[in-house]
Amino acid sequence: METYLVFVDAVNNSNKFWSAKVEGSTITVEWGRVGYNSQKKVHSLLSHQQAVFKFHNLVAEKKSKGYRESQPQMDGDGSARLRHRSISDIRRAIQLLNAIRLAVANSNFSDSYILALNEYLKIVPIPLGMQIDPYRVYRTVVDVDYQQELLNSLLVNEPVAVQTKELLKSEPETVSLKAISKSFWRHL
């Protein structure tokens, strides 16, 4: 049992993660800034049941502070601890990039831009450095287009089963971000 949570508030320079994993009667917790070395703590408990109970309490505590479930970013060497993202998450990320693109194209960095950026970074965690300038995360529309192209390619590569017109079109529920080139994360 494991989870990966992120807390993003670009205006207040916050881009952090918290993860926990239960193995037997221990919980391993890691936390830090996305893309940087993390801190780690291991909790040893008397039983697996106690570990699971503590895990759920820790997760609830983090979520009450505004953390949201996500997935790890790409490791620096391109290997991935990446899990799968739902197709709906990928589509939502693309929608958010559309809003971000419009703001960048018009140099209109209003509250709606900040909200879209924060939500996007919760879906697709990206290391942004120690000092986040939310108005310079995407410097040009080319930066945004590049990420949109990569996310769109995930949807194109997924097989879609087409059935008779009486049945609905079905598609996979998740897609692996492993298909994204590691340069996706280095482009910014």
Student: Please list, chain by chain and in numerical order, all residues satisfying ring-ring contact (aromatic ring centres under 6.0 Å, His included) with F53, sequence neighbours excluded.
Tutor: none
Student: Could you name each residue pair satisfying side-chain hydrogen bond (donor to acceptor under 3.5 Å, both in side chains) that touches residues 96-119, not counting sequence neighbours?
Tutor: R92-E119, N98-Q148, R101-D145, S110-S112
Student: How many angstroms lie between CD in Q131 and CG in N15, if you round to the nearest 0.5 Å?
Tutor: 12.0 Å
Student: Can you pull out every salt bridge (Lys or Arg N to Asp or Glu O under 4.0 Å) where at least one residue sits in residues 44-53? Sequence neighbours excluded, please.
Tutor: none
Student: Listed by chain and number, what are the side-chain hydrogen bond (donor to acceptor under 3.5 Å, both in side chains) partners of S25, not counting sequence neighbours?
Tutor: none
Student: With sequence neighbours excluded, give me every salt bridge (Lys or Arg N to Asp or Glu O under 4.0 Å) pair touching residues 126-142.
Tutor: none
Student: Considering all heavy atoms of both residues, which atom of I100 and which atom of Y138 are nearest to each other, and what is their separation?
Tutor: CG2-CD1, 3.6 Å
Student: Kindly write out the residues that satisfy side-chain contact (heavy atoms from CB on, under 4.5 Å) with K54, not counting sequence neighbours, or none if the list is empty.
Tutor: I27, H43, L45, L58
Student: Indicate whether the side chain of R33 and that of N13 have a donor and an acceptor atom separated by less than 3.5 Å.
Tutor: yes
Student: Considering only Ile, Leu, Val, Met, Phe, Trp and Tyr, and joining two whenever side-chain heavy atoms are under 4.5 Å apart, list the other residues clustered with L102.
Tutor: none
Student: Testing the basics here: between L151 and I94, what is the closest heavy-atom pair and its distance to 0.1 Å?
Tutor: CB-CG1, 3.8 Å
Student: With sequence neighbours left out, write down each residue that passes ring-ring contact (aromatic ring centres under 6.0 Å, His included) with F55, or none if nothing qualifies.
Tutor: none
Student: Apply salt bridge (Lys or Arg N to Asp or Glu O under 4.0 Å) to E69 and list each qualifying residue two or more places apart in sequence or on a separate chain.
Tutor: K63
Student: Where do G24 and A51 come nearest, in terms of heavy atoms and distance?
Tutor: O-CB, 3.9 Å
Student: For K65, enumerate each residue passing the salt bridge (Lys or Arg N to Asp or Glu O under 4.0 Å) test, keeping only those at least two apart in sequence or located in another chain.
Tutor: E61
Student: Can you sort out the partners of S14 under side-chain contact (heavy atoms from CB on, under 4.5 Å), two or more places apart, ordered by chain and number?
Tutor: F7, D9, K16
Student: For S64, what residues pass the side-chain contact (heavy atoms from CB on, under 4.5 Å) criterion, not counting sequence neighbours?
Tutor: none
Student: How long is the straight-line distance from CZ of F17 back to OG of S38, given to the nearest 0.5 Å?
Tutor: 4.5 Å
Student: Looking only at heavy atoms, what is the nearest atom pair of D89 and I123, with distance?
Tutor: O-CG2, 3.8 Å
